[in-house]
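Notes for the one structure printed next.
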Amino acid sequence: MGLIKKFKDYFLEEDYEEYEEEYEEVDEDELPPQPIGKGTAKQNVVSLQSVQKSSKVVLIEPRAYAEAQEIADHLKNRRAVVVNLQRIQHDQAKRIVDFLSGTVYAIGGDIQQVGTRIFLCTPDNVDVTGSISIVSEDETSMKRW
C-alpha cells in the first residue's frame, strides 16, 4: 500500500478510489528473484571487451596548408595525430599550427611540440603523460649508428 498512498498524498487531493481498481499494489519482497545469466530476456551486464575500442594514432606529413582540414577531421573523430612539418615551408607550417591550435582548443584537446617542427595533437579522450626534452642538433654531437 505504500507507493500508491505516497502518490495519493503527494499528487491527489481528491478521492483516488476509482484509480485503485485499475492498479494492483505489489510488495517488492513478494516478487520472485530475477534470474541472472544466459536465460534472461533483458540482461544488464555488458562485456568489457565490447566496450573497449582500439585507439589510433595518425601520422601525417602535410605538403600544403590545404591538408590542415584533414588533420582536424582526424581530431574531431577522436584520433591522436602526430604532425611532421619538416618538409613544408615555414610560413605554411605556422599557419597549420595556428589552425590546429584552434581546432584542439575547440574540442578540448591538447597540442604539444615533441620534436623539431613535429607536433602531437590529441583530442579530449587522450591523456598524454611525461615530457620529451627538445634538444637542437647544434647542442649535441649526434652519431649515426
Side-chain angles (χ1 to χ4, degrees), residues 1-14 16 19 22-145:
M1 172 92 178
L3 185 60
I4 291 178
K5 182 169 180 3
K6 288 179 184 177
F7 277 116
K8 180 198 81 130
D9 292 339
Y10 188 76
F11 290 109
L12 301 175
E13 294 179 10
E14 59 189 39
Y16 75 97
Y19 300 110
E22 295 179 24
Y23 301 102
E24 182 179 325
E25 188 172 322
V26 177
D27 188 13
E28 290 183 15
D29 295 333
E30 297 175 5
L31 292 174
Q34 297 294 322
I36 299 175
K38 294 181 180 179
T40 60
K42 185 176 181 181
Q43 193 173 26
N44 292 333
V45 179
V46 178
S47 171
L48 287 177
Q49 293 174 348
S50 66
V51 172
Q52 293 177 346
K53 288 185 172 182
S54 62
S55 298
K56 290 186 178 183
V57 176
V58 181
L59 306 173
I60 296 182
E61 190 171 339
R63 304 259 186 222
Y65 175 75
E67 295 179 43
Q69 185 175 356
E70 177 187 346
I71 300 167
D73 289 340
H74 286 296
L75 290 167
K76 287 188 339 186
N77 290 326
R78 303 174 67 86
R79 294 186 199 113
V81 181
V82 176
V83 184
N84 182 359
L85 299 171
Q86 293 178 345
R87 295 191 179 188
I88 194 168
Q89 294 177 3
H90 185 69
D91 61 328
Q92 287 189 359
K94 287 177 78 174
R95 289 179 62 203
I96 289 174
V97 170
D98 288 343
F99 181 82
L100 293 177
S101 295
T103 302
V104 166
Y105 177 78
I107 63 171
D110 190 26
I111 184 168
Q112 297 179 5
Q113 185 173 2
V114 295
T116 305
R117 296 178 71 175
I118 299 174
F119 294 87
L120 173 63
C121 303
T122 55
D124 62 342
N125 65 322
V126 177
D127 290 328
V128 178
T129 57
S131 62
I132 297 176
S133 300
I134 301 172
V135 180
S136 67
E137 292 180 20
D138 297 338
E139 296 175 12
T140 62
S141 59
M142 309 241 344
K143 294 183 179 180
R144 298 195 180 240
W145 22 302

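All residue numbers refer to positions in the sequence shown, counting from 1. Keep in mind that this is a model prediction, so the values were computed, not measured.
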Which pairs, with at least one residue in residues 95-104 and sequence neighbours excluded, count as a side-chain hydrogen bond (donor to acceptor under 3.5 Å, both in side chains)? none

Residue pairs meeting salt bridge (Lys or Arg N to Asp or Glu O under 4.0 Å), one or both in residues 116-131, sequence neighbours left out, come to Arg78-Asp124

Qualifying residues under side chain to side chain donor-acceptor pair (under 3.5 Å), relative to Arg87, sequence neighbours excluded: Glu61

Residues in side chain to side chain donor-acceptor pair (under 3.5 Å) with Glu70, at least two apart? none

Between [X] and [Y], what is the shortest heavy-atom contact and its length?
X	Y	result
Leu100	Cys121	CD1-SG, 4.0 Å
Ile88	Tyr65	CD1-N, 4.2 Å
Pro62	Val83	CD-CG1, 3.9 Å
Phe99	Ala72	CE2-CB, 3.7 Å

Rounded to the nearest 0.5 Å, what separation is found between the CG atom of Leu59 and the NE2 atom of His74? 10.0 Å

List in chain and number order the residues that pass side chain to side chain contact (heavy atoms under 4.5 Å, CB included) with Thr122, two or more places apart in sequence or in another chain; answer none if no residue qualifies. Ala80, Asp110, Leu120, Val126, Val128

Taking side chain to side chain contact (heavy atoms under 4.5 Å, CB included) as the definition, give me every residue that meets it alongside Tyr105, ordered by chain and number, with sequence neighbours left out. none

Heavy-atom check, side chain of Ile118 versus side chain of Val82, under 4.5 Å: yes

Whether over 12 other heavy atoms sit under 6.0 Å from Gln86 CD: yes

For side chain to side chain contact (heavy atoms under 4.5 Å, CB included), just list the numbers for Val81 and Leu75, CA-CA rounded to whole Å, side-chain angles, deciding distance to a tenth of an Å, and then say yes or no. CA-CA 7 Å; Val81 181; Leu75 290 167; 4.2 Å; yes

Check for a donor-acceptor pair, side chain of Gln112 on one end and backbone N or O of Val114 on the other, with a separation under 3.5 Å. no

